Amino acid sequence: MNTDFFTYQAQTTPHPLAMTVSHAEGSYIYDSNQKAYLDFVAGVSACSLGHKHPKVVAAIKNQLDRYLHVMVYGEYIQQPAVDLAKLLASHLPKPLEKTYLTNSGTEAIEGALKLARRVTDRSEIVAAHHAYHGNTMGSMSVMGYEERKRAFRPLIPDVSFIQFNTVEDLSHITTKTAAVILETIQGGAGFIEPKDGYLTKVRERCDQVGALLILDEIQPGFGRTGKLFGFEHFDCTPDILVTGKGLGGGMPIGAFTTSAEFMDQLQEHPKLGHITTFGGHPVIAAAALATVKEITESNLIALTLEKEQLVRKHLQHPLISEIRGRGLMLAAILASSEIANQVVLKCQDEGLILFWLLFEPKAIRITPPLTISNEDIIKGCRIITNVLEELSA
């Protein structure tokens with residue numbers, strides 16, 4: 001299978017980790033030799049409830065017995081998608097009331113950018129340096145990292161960039177701006193949080209000039225930061241909220257949510273303003289519905305902040321300069337990129353799955369399932385610190 005993987009399936013880097021997966025359950029992934037790996041990554045923040053959560057699996061199986069794909073998005077009334085959109089509205093502040101379900105986070109970003117231009121009749125998009133919103137052409141256009149964009153230019157025009165957390169740059173948001181798009185917490189940049197009321201100030205500036213605010217919650221959303229949505233920490237409600245990853249419980253999904261007034265403008269002038277064949281797929285919507293119910297009806301969100309403190313207590317070493325983020329969206333910043341690389345690779349040998357961040361080479365990602373036990377957190381931190389001790393010797 002290893003040979004077939006490299007022969008027939010596309011890879012995204014020259015040297016993928018290439019572990020052959022046998023099965024996964026809870027906070028563990030097992031390889032073809034039945035070796036268990038404690039998962040500190042959760043599919044890059046996607047498997048909120050761990051692997052093969054019984055309520056998610058039951059929802060999928062129940063829907064499989066009813067029907068699969070039947071029609072392009074938005075034409076037929078399909079209960080899983082309707083129930084999911086209604087549940088999201090019940091947990092969101094006004095005017096975030098109407099949701100468009102997509103196949104991925106980056107597709108949801110595309111829809112949000114289109115909607116902002118449609119609503120405002122303006123073209124300029126303002127994004128942040130070191131931002132990451134996905135890898136399709138529109139999402140890449142608002143990526144604040146030129147090295148990753150250069151090979152694919154020209155991208156969509158009329159995009160400018162500001163420095164995250166720099167209030168002085170807000171003057172670049174003007175009456176020509178259709179939307180400002182920001183990650184609530186910058187992910188690829190190294191889990192950078194807004195500080196000193198930054199998001200509130202962005203919100204005020206957008207209101208002053210009539211621009212929309214799009215917040216990308218693809219990573220922070222659905223309990224990972226100790227609130228259901230990251231923006232709840234920062235006294236800032238967006239005009240358009242983009243979600244994905246953890247919404248699906250391990251299934252591929254994205255969504256953008258806004259007011260009915262705004263969303264309904266995708267219906268006409270032109271009709272089919274945004275369309276997808278498989279968005280809102282009933283099996284995936286059923287999985288997402290079960291995921292959101294479990295997160296909101298359990299104590300997982302509150303426990304996330306307790307688990308953060310457990311990581312901070314047990315993950316201490318001279319080679320770790322700081323731990324950024326909150327809840328179970330954490331990044332340990334190491335002394336060098338070389339050390340970070342060695343930690344990821346050596347920890348996998350020791351049965352712990354870690355991963356990198358896109359733009360911060362000294363960081364290792366710590367985003368385990370919200371369901372991870374305290375014992376497994378301590379176990380994983382011990383593996384990391386033992387590896388760091390070996391590297392220090």
Side-chain angles (χ1 to χ4, degrees), residues 95-96 98 100 105-146 148-150 152-184 186 188-189 192 194-218 231 234-242 256-274:
L96 300 173
K98 203 162 192 176
Y100 195 121
T106 190
E107 185 189 326
I109 292 289
E110 300 285 338
L113 295 174
K114 289 167 63 178
L115 179 61
R117 286 180 164 180
R118 174 68 182 81
V119 167
T120 62
D121 199 28
R122 302 173 183 178
S123 62
E124 183 188 59
I125 305 293
V126 174
H129 291 293
H130 300 126
Y132 181 76
H133 300 285
N135 228 44
T136 49
M137 294 297 277
S139 298
M140 188 178 289
S141 300
V142 292
M143 180 196 297
Y145 200 74
E146 181 59 29
R148 289 182 178 268
K149 300 194 295 185
R150 189 175 297 116
F152 306 103
R153 287 191 176 279
L155 301 172
I156 67 169
D158 217 0
V159 177
S160 62
F161 291 87
I162 58 176
Q163 196 69 41
F164 194 77
N165 274 330
T166 300
V167 174
E168 292 77 12
D169 280 5
L170 300 187
S171 60
H172 297 293
I173 305 167
T174 72
T175 54
K176 296 181 180 179
T177 305
V180 178
I181 181 167
L182 298 171
E183 298 158 276
T184 307
Q186 283 200 309
I192 308 298
K195 60 184 181 180
D196 301 326
Y198 176 71
L199 287 185
T200 303
K201 293 169 184 175
V202 175
R203 171 77 275 174
E204 291 171 351
R205 180 61 179 171
C206 286
D207 291 340
Q208 287 172 3
V209 300
L212 303 188
L213 175 59
I214 303 169
L215 285 185
D216 178 343
E217 289 262 348
I218 293 169
F231 68 79
F234 304 112
D235 190 29
C236 176
T237 300
D239 297 293
I240 306 174
L241 174 70
V242 181
F256 59 104
T257 305
T258 188
S259 66
E261 176 190 357
F262 289 173
M263 191 68 80
D264 290 350
Q265 294 189 47
L266 290 178
Q267 296 177 8
E268 292 189 276
H269 310 301
K271 292 180 179 178
L272 306 177
H274 192 67

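Remember, it's a predicted structure, so these values are computed and weren't measured experimentally.
For the side chain to side chain contact (heavy atoms under 4.5 Å, CB included) with His133, the lone residue among Asp216, Ile218, Leu113, Val242 that qualifies is Asp216.
In this structure the side chain of Val159 never reaches within 4.5 angstrom of the side chain of Leu155, judged on heavy atoms. Side-chain atoms of Glu217 and Glu183, non-hydrogen and from C-beta on, never get closer than 4.5 Å to each other. Put simply, the side chain of Leu199 reaches to within 4.5 Å of the side chain of Leu182, judged on heavy atoms. At least one side-chain heavy atom of Lys98 sits under 4.5 Å from a side-chain heavy atom of Asp264.
Between the side chain of Asn165 and the backbone N or O of Lys195, at least one donor-acceptor pair lies under 3.5 Å. With hydrogens and angles ignored, the 3.5 Å screen pairs a side-chain donor or acceptor of Ser171 with a backbone N or O of Glu168. With Ser139 contributing its side chain and Thr136 its backbone, the two residues share no donor-acceptor pair below 3.5 Å. In this structure a side-chain-to-backbone donor-acceptor pair under 3.5 Å is missing from Thr177 to Ile173. Side-chain N or O atoms of Thr166 include none that pairs as donor or acceptor with a backbone N or O of Asp169 at under 3.5 Å. Checked by atom type and distance alone, the side chain of Lys114 pairs as donor or acceptor with a backbone atom of Gly273 at under 3.5 Å. Of the possible donor and acceptor atoms, one in the side chain of Lys149 sits under 3.5 Å from a partner among the backbone N and O of Met143. No donor-acceptor pair under 3.5 Å is formed between the side chain of Thr200 and the backbone N or O of Cys236. A donor-acceptor distance shorter than 3.5 angstrom exists from the side chain of Gln186 to the backbone of His129, with no hydrogens or angles considered.
Across every non-hydrogen atom of Gly144 and Phe161, the tightest pair is CA-CE2, 3.6 Å. In terms of heavy-atom proximity, Leu212 sits nearest to Cys206 at O-SG, 4.0 Å. Of all heavy-atom pairs between Ala116 and Ala179, the closest is CB-CB, 3.6 Å.
Heavy atoms of other residues, nucleotides or ligands lying less than 6.0 angstrom from CD of Gln265 number more than 12.
Side-chain atoms of Ser123 and Asp158 form a donor-acceptor pair, as typed in the model, at a separation below 3.5 Å.
Here the CZ-CE distance, from Arg148 to Met140, works out to 9.0 Å after rounding to the nearest 0.5 Å. Taken to the nearest 0.5 Å, the OG1 atom of Thr257 stands 6.0 Å off from the CE atom of Met263. Between Leu266 atom CG and Arg118 atom CZ the span is 8.0 Å, to the nearest 0.5 Å. Here OH of Tyr198 is found 6.0 Å from CZ of Phe164. Values are rounded to the nearest 0.5 Å. For the atom pair Leu96 CG and Ile240 CD1, the distance stands at 9.5 Å (nearest 0.5 Å). Remark: Leu241 CG to Ile214 CD1 distance equals 10.5 Å, nearest 0.5 Å.
Salt bridge Asp196/Lys201: absent, no basic N to carboxylate O contact under 4.0 Å. Classification of Arg117 and Glu124 as a salt-bridged pair fails, no side-chain N sitting under 4.0 Å from a carboxylate O. Using a 4.0 Å cut-off between a side-chain N of Lys or Arg and a carboxylate O of Asp or Glu, Arg203 and Asp239 qualify as a salt bridge.
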Ile162/Val126 under side chain to side chain contact (heavy atoms under 4.5 Å, CB included): CA gap, chis, key distance, verdict: CA-CA 7 Å; Ile162 58 176; Val126 174; 3.8 Å; yes

Step-by-step side chain to side chain contact (heavy atoms under 4.5 Å, CB included) determination, Leu213 to Leu215: CA-CA 6 Å; Leu213 175 59; Leu215 285 185; 4.2 Å; yes

Intermediate values then yes/no, side chain to side chain contact (heavy atoms under 4.5 Å, CB included), Gln163 and His172: CA-CA 11 Å; Gln163 196 69 41; His172 297 293; over 6 Å; no

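Aromatic ring pairs are classed by plane angle as parallel below 30°, tilted from 30° to 60° and perpendicular above 60°; the pair Phe256 and Tyr100 is parallel.
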